[in-house]
Every structure is written in structure tokens, then in C-alpha cells.
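So that the names make sense, note that chain A is the first sequence line, chain B the second, and so on, each numbered from 1.
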Amino acid sequence: MVKGKRKPLEEIRAALAPYNKVLVTGCGGCVSVCLAGGQKEVNLLMDDLKMLFKQANTPKHLKGYTVERQCNRQFLAELDELAPQAECLVSMACGAGVQYLAERFPNMPVFPAINTIAIGVDREIGIYEEKCRACGECVLAYTGGICPVTRCAKCLFNGPCGGTNKGMCEISNDIPCAWYDIYNRLKDQKRLGDILKIQTPMEWRNQTQRTVIQEGYEKRYAGR
Amino acid sequence: MAMSTENTHEFKSGSNLEKILKAGHFAFTGELGPPRGANVEHVIEKAMPLKGMVDMVNITDNQTAMVRMSSWAAALIAIREGLEPNYQMVCRDRNRLAMQADILGAYAHGIRNILCLSGDHQQFGDHPNAKGVFDIDSIQLVAMIKKMRDEGKFLGGAEIDGPPRLFIGAAANPFGDPFEWRVYRLAKKVQAGADFIQTQCCFNMTKMREWIKQANDMGLTEKTYILVGVTPMKSLGMAKYMATKVPGMDVPDEIIKRIQGVDKKKQADEGITIACEQIAEFKEMKGIAGVHLMAIEWEHKVPEIAERAGMLPRPKV
Ligand code: SF4
């Protein structure tokens, strides 16, 4: 799922300074799972902001509302009444949610409150690890289920490079080398042949905005 | 231009290095790092001691991810100074369009050797938050240049009006993990089209012997020329730094002990002695076609090292 982390409070405070009525919107989807932008985090952010503005003698009207998912039109519709009562919106959703919210209320300033970091997994509660860069051309079949686009610092397709250091990546002793892991996993599976072949240059498919239409829906949206 | 396109039928590139290797001579190449500025004098100064001492000089490309004069530009100065450059190109800083454009430009100006590298990660350099390009990797770069040269086609498939006839090089690190993978990575580079290989600085002779034996057994040394990287240690400090701080470098304790064992003033000399002993062994080792001397910020010592290693005079071909 999408992983994010809240922006520094000061950055959010500065963005909101010119406005008196603010609606902070949370998202019950991915960012809620990674403890960045769900109902609970909306309340925390509001408490923090209220305190800051009060200390600065510039109290504001802050309201919070968390929808099921900000990346879906039906759920965003819940904000139709509340949003126009504010002067600006804060979105605690991922970058996609922020944009969909802004698209729904095109006359209103919308400020992101989190930085969207990654498509990743839950390593532990509160620890999330990037796993996918959405390159659009998945190579995991021949790399033993380990992504070289995300995990190899040099995005190599024919690795490992000469920098591997006792299984760690040359950029840090704390980051495992993706290709060292790929090599060992394929070796254990007796599939090393997969990486002995030269992998030809990647056909990057993430260089323009992409839209997905699933197979069963192609007819319905034909001509779009 | 210092080099012409003569012998294009007999040779892939007609570069001095290619001719030396094809004639069966033991090659001896050097290195020159471009300056951190437009200081031409600086390049000339570093080029001077290398003249006549080496067959070709590697011109590094933003090495350690620090901005420097571009590799092709410093290579042109080297040509003017009477050296044959080996144009290093890393995958970190440019995409496939820029790479192919620079390759054509470099060839048009008389550059005949190229070395394909992944490049040190930008995090190490002076612009740590730069966007690394890594559009294609070093093996794909080798294959791309081979396609440009031999098929006269761009990576995208279109015809090239005047293909670049370059002698294609790649790097190898026999000391990286996992060791048993290293010879296969070499095989991939050879398969992609590497005419010659320059290895990481070698200090661990046991591993080098083993790697070369594997390469011999797989028939790789008949398909490519392997030049082993040799770096003389200047001091104990440098030896310790190389042993602990440089990724992928393998410096055995015995090297450190030898340098430690001599008087501080004699450490540089001992470093050169070790390098010369290595070169002497490589000259006799089956499968090794030459030595690539990386005398890091020690260009003025190259004549002395070349002399002591018995590399002089360099053959004229
Ligand atoms: S050390 Fe491993 S993960 Fe790091 S750049 Fe090299 S191959 Fe990629």
C-alpha cells in the first residue's frame, strides 16, 4: 500500500497562516494504515495546530473530517457540504488523494499535510518499507521476487555491481544489496539461469501519466 | 586529429590500445582525473608525466560523484597532449539519448576507446540529492555501443549516419560478493560486447588468481583482453582507508602489514615495490593481457613505476 509521513508542523502552519477557517481532511485508506493521515492523525494534527495558533495569538476555526478514501469520488462527495464552509482545505491523504480532493473543489486552496513516500509493506507497527516504484513493467519474475528498480541503488538489471560489501549495498552498511539477495534466492531455487541472460534496456512506462482501464471495462469506456 | 580511421577493416577501432593488444604486447594503461574546474593547465600538468609511459589513459567521468570537467572534454585535451584517452562513461548522469549523442560526439573528435561503468552512487558526491539517471546499466551500455558500431544502429533501431568505431571496455570487480558470481558477470559483459576489461584495484592476489583461472576455464580470456587494476599504496593511511572505507575493495592484512613494517619515509617506496611484484606476476599469468595502473593523485610517479616494473619502452604499433 501507499506509505506516507506527516510533513513538519511548521510547514503546515506556514501554509495555513493566511486563512481563518480550515477543514482538515483525513483518509481512511492506506495513510490510515501507516498511521500518517487517518482519523487519529487528523485529530492529533488539529490539536497541534490549535496550540500553535493559540500561542501566536491567531486562533483559527479548525474542523476535521475523515472520509473512507480520498481517491474515490463517491467518498469525496461526503465533503460537498462541509468543504465550502472553510477557506482552505488540508488533505492528509497521499498525493493522489490530495489531487482528487483539489479536483473536486477547484476554487479552494488545498494543502498537503503528508509527504507520500512509497508503495511499501508494514515491516513492524510504525515501520514501513518501500517495495515498488510502479515502473509499469514488472520484472519480479526473473529477479526472484526482489525488485531491482526499487531496491538496487543503481537500478541495475544485470547485477550485482562491484560495490556489494558483505551483502550490503555500497551506499550504506545498513541497506542490503538487492542483487546479493536476488543471487542467493535464485541460487537456492536453482534458477540462476534467469540472471545469466542479459536483460535488455528497460522500456520505461512511467514517464507520462498513466490511466488503467481493466479488461472487462474497455467496451464501456471505448472512445474515452 | 592525432588518430585517424585507418585500418578500420583490420581493427574494430584502430585505437592504440587495440593495436597493442592485437599485436600480443602486454598493455600498460594509466589514469587521469579531470580537474574540478575549467583549468586546462591542470590537465596538461597531469598529462605530462604519462606521455610515452602508458598506452592509453582513462579519463574518469565525475568520479566519486563529484562534478568535474566532462570526461570527453578532458579526453580531447589529452589527445592534444599526445595521449590516447579511454573515455569513461557512467550510467548515473545521462540517459540513453545523451549517452548516444556523447558517444557520437566523442568519436567525431577522435576518441577511440570507451569504458562503460555504472558509476559511484550520487550519494557519495557533492550533490547527494541529485536525481540518479540509471536509465540503462553498464552491461546494457556495452551492448548499445556494440550495436551502434557493428550494426550501425541506434538503440532505438534507426540507422546511424557514420557509426562510431570504438574499442569497448567494461569494468570488473573480482573481489565483490558473491565471489562465485563474479566470473559470470564477466561473462555477461563479454557476451554484451566488451573488447577489453579493466579490473578493480587488485590487492588480493589469491582471489585474482582464482578468478582468472575461472575466466580461462570458461574461455573468456580468449574473447576479451583483461587488464588488471594495480594501485600502489602511498602510505599506511591510504592502505587502511582502502581496506575499510572504499566499497568493493579487498585489501588483505598482509599488504597492510608490509607497509606497516617499513619506516614511515619508506612506505611509498614499499607500496611501489608491492605494485611491481604484482605486475611481474601478472605478466606471466595466463589470461592477463595487461595492467591498468591507477596511481591516484600520483601521476608524477608513473614514470618511476613504469621503469621499475619493466614496462618501458612502450611498444610502437
Ligand atoms: S551494491 Fe547491490 S544494491 Fe547497491 S548498487 Fe550495487 S547491485 Fe545495487
Within 6.0 Å of CZ in Arg123(A), more than 12 heavy atoms from elsewhere: no
Atom NZ of Lys147(B): over 12 foreign heavy atoms under 6.0 Å: yes
Residue, of Arg182(B), Gln191(B), Met144(B), that accumulates the most heavy atom pairs under 4.5 Å with chain A: Arg182(B)
Distance (rounded to the nearest 0.5 Å) between Leu156(A) CG and Arg185(B) CZ: 6.0 Å
Which portion of Arg92(B) sits near chain A, non-hydrogen atoms under 4.5 angstrom: neither
Heavy-atom proximity to chain A below 4.5 Å, by part of Asp135(B): both
Most chain A-contacting option - heavy-atom pairs closer than 4.5 Å, from Ile136(B), Asp120(B), Ile139(B): Ile139(B)
Heavy atoms from other residues, nucleotides or ligands near CD of Gln207(A) exceed 12 (cutoff 6.0 Å): yes
Largest heavy-atom contact set with chain A, pairs under 4.5 Å, which of Phe175(B), Phe124(B), Phe134(B), Tyr184(B): Phe134(B)
From CH2 (Trp181(B)) to CG (Leu196(A)), nearest 0.5 Å: 5.5 Å
Segment of Ala143(B) engaging chain A (4.5 angstrom heavy-atom cut-off): neither
Region of Leu141(B) in contact with chain A, defined by heavy-atom distances below 4.5 Å: neither
Minimum heavy-atom distance Lys154(A)-His121(B), with the two atoms named: CE-N, 4.0 Å
Any donor-acceptor pair under 3.5 Å from Lys188(B) side chain to Ile195(A) backbone: yes
Residues, nucleotides or ligands: over 12 heavy atoms within 6.0 Å of Lys50(A) NZ: yes
Which portion of Lys197(A) sits near chain B, non-hydrogen atoms under 4.5 angstrom: backbone
Contact class of Gln123(B) relative to chain A, heavy atoms under 4.5 angstrom: side chain
Part of Asp177(B) lying under 4.5 Å from any heavy atom of chain A: both
Lys189(B)/Asn158(A) under side-chain contact (heavy atoms from CB on, under 4.5 Å): CA gap, chis, key distance, verdict: CA-CA 10 Å; Lys189(B) 292 196 172 184; Asn158(A) 291 287; over 6 Å; no
Distance-minimising heavy-atom pair for Met202(A) and Arg96(B): O-NH2, 2.7 Å
Trp72(B) atom CH2, over 12 foreign heavy atoms within 6.0 Å: no
Heavy-atom neighbours of Lys5(A) NZ exceed 12 at 6.0 Å: no
Heavy atoms from other residues, nucleotides or ligands near OH of Tyr241(B) exceed 12 (cutoff 6.0 Å): no
Interchain contact, Phe157(A) with chain B, by part (heavy-atom threshold 4.5 Å): both
Residue, of Cys155(A), Gly163(A), Pro160(A), Cys161(A), that accumulates the most heavy atom pairs under 4.5 Å with chain B: Pro160(A)
